[in-house]
Chemist: 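Just dropping this structure here.
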Amino acid sequence: MARRHDPERRQRIIDAAIRVVGRAGIAGLSHRTVAAEADVPLGSTTYHFATLDDLMVAALRQANEGFAGVLAAHPALSDPEADLPGELARVLGEWLGGDRTGVELEYELYLAALRRPALRPVAAEWAEGVGALLAARTDPVTARALVAVLDGICLQVLLTDTPYDEEYAREVLTRLLPVPGTRDAPGPGSLPPATAG
């Protein structure tokens, strides 16, 4: 029998891997469970992804598009007059307030990089990508700090199962990035207080 052409099979396998992790966690992920979820022969998963790490890299890369995609589409990043701390706090709340399963999945794959070095470059890509988006409104160092704060707030909400506090997030983000027009906002060419004068 002729082999059936299936150009979407690789993507179906990645989607299946994400569903398996979402349902059973990283521990439940194997070529066999993914093949069963995708309804493809076991050999197809190993053909497209020789190792489980290869499959997890593809799944993490796709999952990484979640928050970064939401942020990239937000108009506040291109509006210099927008209240960036407030808008970031709101976007974070919308993301955490949506389908929490998707957020948890993204973080489960992201944190798997602690034990799987092959995933670390992809996890770093996420931080660098979000940082690059934020650097368009601030500077690279502040953007990295914002990524760390956003990441930390998300982890606290997910790990403690507490409601997201938008006002708290806005307050913390404002300490890093004052609202334009306030007396605390740095002006063009201004020096930090420690080096002024």
Side-chain angles (χ1 to χ4, degrees), residues 14-15 17-19 21-23 25-26 56-116 119-186 192:
I14 296 170
D15 292 341
I18 288 173
R19 288 194 303 273
V21 173
R23 185 174 59 244
I26 294 292
M56 290 178 69
V57 163
L60 177 56
R61 190 161 274 133
Q62 183 166 310
N64 274 353
E65 296 169 4
F67 182 67
V70 170
L71 198 56
H74 199 278
L77 286 178
S78 57
D79 180 3
E81 300 304 314
D83 168 16
L84 188 57
E87 291 300 316
L88 287 175
R90 188 172 63 78
V91 170
L92 193 60
E94 289 172 2
W95 189 60
L96 286 168
D99 177 15
R100 186 67 67 87
T101 306
V103 179
E104 290 172 356
L105 167 70
E106 189 169 337
Y107 269 98
E108 182 154 10
L109 286 164
Y110 180 62
L111 293 172
L114 290 170
R115 300 282 183 196
R116 293 180 176 267
L119 297 181
R120 290 178 189 165
V122 187
E125 282 173 21
W126 178 88
E128 289 163 8
V130 173
L133 289 171
L134 295 171
R137 280 291 315 276
T138 178
D139 61 85
V141 173
T142 304
R144 284 181 62 192
L146 288 168
V147 171
V149 168
L150 293 169
D151 224 1
I153 291 171
C154 282
L155 281 171
Q156 285 177 357
V157 169
L158 295 173
L159 295 175
T160 62
D161 200 27
T162 54
Y164 173 68
D165 184 343
E166 186 173 324
E167 284 306 310
Y168 164 77
R170 187 182 189 286
E171 168 76 18
V172 171
L173 292 166
T174 299
R175 292 181 187 207
L176 283 173
L177 196 66
V179 179
T182 66
R183 64 180 178 79
D184 296 327

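The model shown is predicted, which means the values in this text are computed figures rather than measured ones.
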Chemist: Closest heavy-atom contact between T138 and L134?
Modeler: CG2-O, 3.0 Å

Chemist: Taking only residues two or more places apart in sequence or in another chain, which ones pass salt bridge (Lys or Arg N to Asp or Glu O under 4.0 Å) with E171?
Modeler: R175

Chemist: What pairs of residues pass the ring-ring contact (aromatic ring centres under 6.0 Å, His included) test when at least one of them lies in residues 141-160, not counting sequence neighbours?
Modeler: none

Chemist: CG of D139 to CZ of R144: how many Å apart, nearest 0.5 Å?
Modeler: 11.5 Å

Chemist: Hey, what do you get for CG (L88) to CG (L84), rounding to the nearest 0.5 Å?
Modeler: 4.0 Å

Chemist: Return a table of donor-acceptor pairs under 3.5 angstrom between the side chains of residues 147-159 and protein atoms on other chains or two or more places apart.
Modeler:
{"unit_1": "D151", "atom_1": "OD1", "unit_2": "Y107", "atom_2": "OH", "d": "2.4"}
{"unit_1": "D151", "atom_1": "OD2", "unit_2": "Y110", "atom_2": "OH", "d": "2.9"}

Chemist: Partners of L119 by side chain to side chain contact (heavy atoms under 4.5 Å, CB included), sequence neighbours excluded?
Modeler: M56, V57, L60, A112, A113, R116

Chemist: Among residues at least two apart in sequence or on other chains, which ones pass side chain to side chain donor-acceptor pair (under 3.5 Å) with Q62?
Modeler: Q11, D15

Chemist: What residues form a salt bridge (Lys or Arg N to Asp or Glu O under 4.0 Å) with R19, not counting sequence neighbours?
Modeler: E37

Chemist: According to salt bridge (Lys or Arg N to Asp or Glu O under 4.0 Å), who are the partners of E94, at least two apart in sequence or on a separate chain?
Modeler: R90

Chemist: Who pairs with E166 by salt bridge (Lys or Arg N to Asp or Glu O under 4.0 Å), at least two apart in sequence or on another chain?
Modeler: none

Chemist: List the atom of R170, the atom of A89, and the distance in Å for their closest heavy-atom pair.
Modeler: N-CB, 3.7 Å

Chemist: For A68, check side chain to side chain contact (heavy atoms under 4.5 Å, CB included) against everything at least two apart and list the hits.
Modeler: V130

Chemist: With ring-ring contact (aromatic ring centres under 6.0 Å, His included) as the rule and sequence neighbours excluded, what pairs involving residues 68-102 come up?
Modeler: F67-W95

Chemist: Taking ring-ring contact (aromatic ring centres under 6.0 Å, His included) as the cut-off, I'd like each qualifying pair that reaches into residues 141-174, sequence neighbours left out, listed once.
Modeler: none

Chemist: Any side-chain heavy atom of P85 sitting closer than 4.5 Å to one from D83?
Modeler: yes

Chemist: Residues in side chain to side chain donor-acceptor pair (under 3.5 Å) with E104, at least two apart?
Modeler: none

Chemist: Give the minimum heavy-atom separation between A63 and L109, together with the two atoms involved.
Modeler: CB-CD1, 3.9 Å

